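Here is the structure we will look at.
Nothing here was measured: the structure is a model prediction, and the numbers come from that model. Values below: every heavy atom of this structure, side chains too, minus hydrogens, waters and symmetry copies. Sequential numbering from 1 along the given sequence is applied to the chain's residues.
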Amino acid sequence: MKKAILIIVLGLTAFIGYKWYDSNKSKEESSQKQQPLVVMKHSSAFNEAVSNAMEAYFDMNAAFVEADTFKVKENCQKFIKLLDSIPLTELKEDTTSIFAIAEATFSNIKVNAQSLMQQTDILEMRKDLGMVSENLYPFFKTIHYSGEKMYWQNCPMAFEDAGANWLSKTREIVNPYLGKHHPQYRGSMLHCGEVKDSIRAQ
């Protein structure tokens, strides 16, 4: 009788153990299926290269504020050179689509920066700055940026009220399109604009 009870107890224990294992396994598999795609973090070399290129971009904006075309081109040239040092192929470690989108916008950034270098009129240079900026914004949104916070800013009065955007490392509006020496507004529109969005580390 005792032997029979022992066999029943062992059988029940084994059955409960199996059910517990099977239930947990199902939950684990379900959890794995529902988890979103994890985007890999970039290497320190990638982040540093991006940061260095953006410092040249910010310096270029500052030169536009002063209407100093020599400094604009000097920093634009530096910007182009530093863009080339970004190990863009690292993005392939995320997904193929992230790399493809980033590569396309990256190419447009360089094309417009190179166009700026060919201009002699500051208005045309500013238009190229606008195009560089318009491609930088989706580039950072695509690559899952992991550097210092930046601000996407807009001036509605640039280019005869057509409007234009740029990136800044501060919330303060310091307008590179109207600047300190605009022929019509002088420095009165230096702080014209607003913050439209921010780009934060992910």
| field | Candidate pair S133 and Y57, rule side chain to side chain donor-acceptor pair (under 3.5 Å), full reasoning | value | CA-CA 9 Å; S133 302; Y57 168 85; 2.6 Å; yes
| request: State plainly whether one hydrophobic cluster holds both V195 and F58, where clusters connect Ile, Leu, Val, Met, Phe, Trp and Tyr through side-chain heavy atoms under 4.5 angstrom apart. | output: yes
| message | How long is the straight-line distance from CZ of F140 back to OG1 of T142, given to the nearest 0.5 Å? | response | 11.0 Å
| field | Contacts of type salt bridge (charged side-chain N to carboxylate O under 4.0 Å, His left out), residue K73, not counting sequence neighbours | value | none
| message | With a 4.5 Å cut-off on side-chain heavy atoms, are P176 and C155 touching? | response | no
| field | W152 and Y137 aromatic ring geometry - parallel, tilted or perpendicular at 30°/60° bounds | value | parallel
| said: Under 4.5 Å between side-chain heavy atoms, counting indirect links through other Ile/Leu/Val/Met/Phe/Trp/Tyr residues: same cluster for V72 and F70 or not? | reply: no
| request: Return yes if some donor-acceptor pair links the side-chain N/O of R126 with the main-chain N/O of F64 below 3.5 Å, else return no. | output: yes
| request: Starting from the C-alpha separation in whole Å, work towards a yes-or-no answer on side-chain contact (heavy atoms from CB on, under 4.5 Å) for E55 and K169. | output: CA-CA 9 Å; E55 281 302 318; K169 58 183 175 179; 3.1 Å; yes
| request: Using atom types as modelled and distance alone, determine if a side-chain donor or acceptor of N61 lies under 3.5 Å from a backbone N or O of L167. | output: yes
| Below 4.5 Å, heavy atoms only, C-beta onward: do F79 and I109 meet side chain to side chain? | yes
| said: Evaluate V111 against M131 for side-chain contact (heavy atoms from CB on, under 4.5 Å), listing each step before the verdict. | reply: CA-CA 9 Å; V111 165; M131 293 307 299; over 6 Å; no
| remark: Closest non-hydrogen atoms of N75 and A63, given as atom of the first, atom of the second and distance, are ND2-CB, 4.5 Å
| said: Donor-acceptor pair, distance only, cut-off 3.5 Å: does the side chain of S51 make one with the backbone of N47? | reply: no
| remark: CG of L116 to CD of E124, rounded to nearest 0.5 Å, is 10.0 Å
| So with a 6.0 Å cut-off around CD of Q77, is the heavy-atom count from everything else above 12? | no
| query | Rounded to the nearest 0.5 Å, how far does CE of M54 lie from CE of M150? | reply | 4.5 Å
| field | Residue pair N112 / N135, side-chain heavy-atom distance below 4.5 Å | value | yes
| request: Compare every heavy atom of Y177 with every heavy atom of N165, then report the nearest pair and how far apart it is. | output: O-OH, 2.5 Å
| message | What I'd like to find out is whether the side chain of W166 reaches to under 4.5 Å of the side chain of N175, using heavy atoms alone. | response | yes
| Any sub-3.5 Å donor-acceptor pair from E194's side-chain atoms to N154's backbone N or O? | no
| field | Side chain Q153, main chain T170, donor-acceptor under 3.5 Å | value | yes
| field | Fellow cluster residues of L178, listed by chain then number, with links counted only when side-chain atoms sit under 4.5 Å apart | value | M157, Y185, M189
| query | Taking a hydrophobic cluster as the set of Ile, Leu, Val, Met, Phe, Trp and Tyr residues connected by side-chain heavy atoms closer than 4.5 Å, whether directly or through intermediates, do L129 and F159 fall within one such cluster? | reply | yes
| said: With a sphere of 6.0 Å drawn around CD of E148, does it hold more than 12 non-hydrogen atoms of other residues, nucleotides or ligands? | reply: no
| query | When rounded to the nearest 0.5 angstrom, what is the spacing between CG in L136 and OH in Y145? | reply | 11.0 Å
| query | Looking only at heavy atoms, which two atoms of A113 and C76 are closest? And how far apart? | reply | O-SG, 3.3 Å
| Rounded to the nearest 0.5 Å, what separation is found between the OG1 atom of T69 and the CG atom of D121? | 9.5 Å
| task | Identify the heavy atoms of F106 and L83 that sit nearest to each other, and give their distance. | result | CZ-O, 3.1 Å
| task | Spell out, yes or no, whether M60 and I173 are grouped together once hydrophobic residues are joined by side-chain heavy atoms under 4.5 Å, including indirect joins. | result | yes
| message | Just checking E48: does its CD atom have more than 12 heavy atoms from other residues, nucleotides or ligands closer to it than 6.0 angstrom? | response | no
| Excluding sequence neighbours, so at least two apart, what forms salt bridge (charged side-chain N to carboxylate O under 4.0 Å, His left out) with K141? | D197
| message | Rounded at 0.5 Å granularity, tell me how far NE2 in H182 sits from CG in L190. | response | 12.0 Å
| query | In the single-linkage hydrophobic clustering (I, L, V, M, F, W, Y; side-chain heavy atoms under 4.5 Å), do Y151 and I199 co-cluster? | reply | yes
| query | Does H144 use its side chain to pair, donor to acceptor, with the backbone of I98 at less than 3.5 Å? | reply | no
| task | Grab the two heavy atoms, one from P87 and one from A49, that are nearest each other, plus how far apart they are. | result | CD-CB, 4.1 Å
| remark: Between P138 and E134, the two heavy atoms sitting closest are CD-O, 2.8 Å
